[in-house]
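Read through the structure below, which is laid out as structure tokens, and then see the notes.
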Amino acid sequence: AQSVTQPDIHITVSEGASLELRCNYSYGATPYLFWYVQSPGQGLQLLLKYFSGDTLVQGIKGFEAEFKRSQSSFNLRKPSVHWSDAAEYFCAVGARNNDMRFGAGTRLTVKP
Amino acid sequence: DTGVSQNPRHKITKRGQNVTFRCDPISEHNRLYWYRQTLGQGPEFLTYFQNEAQLEKSRLLSDRFSAERPKGSFSTLEIQRTEQGDSAMYLCASSLEVNNQPQHFGDGTRLSIL
């Protein structure tokens with residue numbers, strides 16, 4: 001079965017600084033990868049997804065992620081963080097759409 | 001597109017009581033999923049419907065839990081004889097039938113057991 005590891009439980013960055021959130025997956029076949037964001041008390045909003053093709057995918061809110069098969073990684077990046085980006089970020093891997101596994105999440109704090 | 005709607009947003013109940021949550025998916029989505037999310041964790045898959053058929057259930061879904069989607073539209077999740085460990089956020093998501101279309105999530109129902 002597939003699994004996801006998000007090594008960083010909590011990250012703090014200054015507003016305007018760049019951001020990279022790490023995600024490593026384990027799956028025997030070509031994975032389907034997702035990044036979601038969750039604000040307190042809210043559901044999850046899809047930021048971006050990777051199914052196939054170009055390994056650098058663009059998402060909403062200025063986020064991008066790069067699929068690296070050799071490293072089993074799908075790290076999320078943003079060149080300049082805004083205070084409104086403070087939230088919990090979840091990486092997920094799907095073998096089929098009815099069996100999506102989430103990582104434990106990375107909480108992002110943005111310093112003024 | 002009004003998004004996935006979940007009711008109630010919050011439920012507080014005493015241990016041993018039964019609770020029922022409702023999820024209204026995006027109207028054209030025929031797949032519907034239930035997840036449980038505890039503090040500091042990602043969502044954990046509970047069960048999944050395609051139209052009215054419940055196709056998969058996680059081992060997390062004990063026999064106190066039951067989910068239905070009688071007409072292939074809204075779904076209910078019932079927990080009988082609630083326990084302290086049932087306290088969590090219960091999330092519903094829906095998607096199109098095409099494989100690996102992204103799931104769209106509701107805002108969840110937060111359950112607190114006294």
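Chain letters run A, B, ... following the sequence lines, proteins first, then strands; residues in each count from 1.
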Worksheet item: Which residues satisfy the side-chain contact (heavy atoms from CB on, under 4.5 Å) test with A/S80, sequence neighbours excluded?
Response: none
Discussion item. Can you pull out every salt bridge (charged side-chain N to carboxylate O under 4.0 Å, His left out) where at least one residue sits in residues 75-84 of chain B? Sequence neighbours excluded, please.
Written reply: B/R64-B/E83
Response to the item:
When every non-hydrogen atom of A/F90 is compared with those of B/Q37, the smallest separation belongs to CZ-NE2, 3.3 Å
Worksheet item: Is the number of heavy atoms from other residues, nucleotides or ligands within 6.0 Å of CG (B/L114) greater than 12?
Response: yes
Practice prompt. Output the option from B/C92, B/S58, B/G106, B/A93 having the highest count of non-hydrogen pairs under 4.5 Å with chain A.
Written response: B/G106
Practice prompt. Could you identify which residues cluster with B/F49, counting Ile, Leu, Val, Met, Phe, Trp and Tyr as linked when any side-chain heavy atoms lie under 4.5 Å apart, either directly or through a chain of such contacts?
Written response: B/V19, B/F21, B/L32, B/W34, B/L46, B/L60, B/L61, B/F65, B/L77, B/I79, B/Y90, B/L111, B/I113
Worksheet item: Does atom CZ of A/R77 have more than 12 heavy-atom neighbours from other groups under 6.0 Å away?
Response: yes
Worksheet item: So which residues of residues 101-112 of chain A are in contact with chain B at a heavy-atom cut-off of under 4.5 Å?
Response: A/F102, A/G103, A/A104
Worksheet entry | Distance in Å, A/Q42 CD paired with B/R9 CZ, rounded so as to fall on 0.5 Å steps | 5.5 Å
Discussion item. Heavy-atom cut-off 4.5 Å, strictly under: side chain, backbone, both or neither for A/Q38 against chain B?
Written reply: side chain
Practice prompt. Please indicate whether A/I60 has more than 12 foreign heavy atoms, meaning atoms of other residues, nucleotides or ligands, lying under 6.0 Å from its CD1.
Written response: yes
Worksheet entry | Exceeds 12 heavy-atom contacts within 6.0 angstrom, atom CD of B/E68 | no
Fill in: Hydrophobic cluster membership, B/F105 vs B/F74, 4.5 Å side-chain cutoff
no
Worksheet item: Do B/L55 and B/Y35 share a hydrophobic cluster (ILVMFWY, side-chain heavy atoms under 4.5 Å, transitive)?
Response: yes
Discussion item. Is it the case that the side chain of B/D107 and the backbone of A/G43 share a donor-acceptor pair, with hydrogens and angles ignored and the cut-off at 3.5 Å?
Written reply: yes
Response to the item:
Okay, A/L44 and chain B: the region with an atom under 4.5 Å from a heavy atom over there is both
Item to complete: Report the distance from atom OH of B/Y33 to atom CE of A/M100, rounding to the nearest 0.5 Å.
Response: 8.0 Å
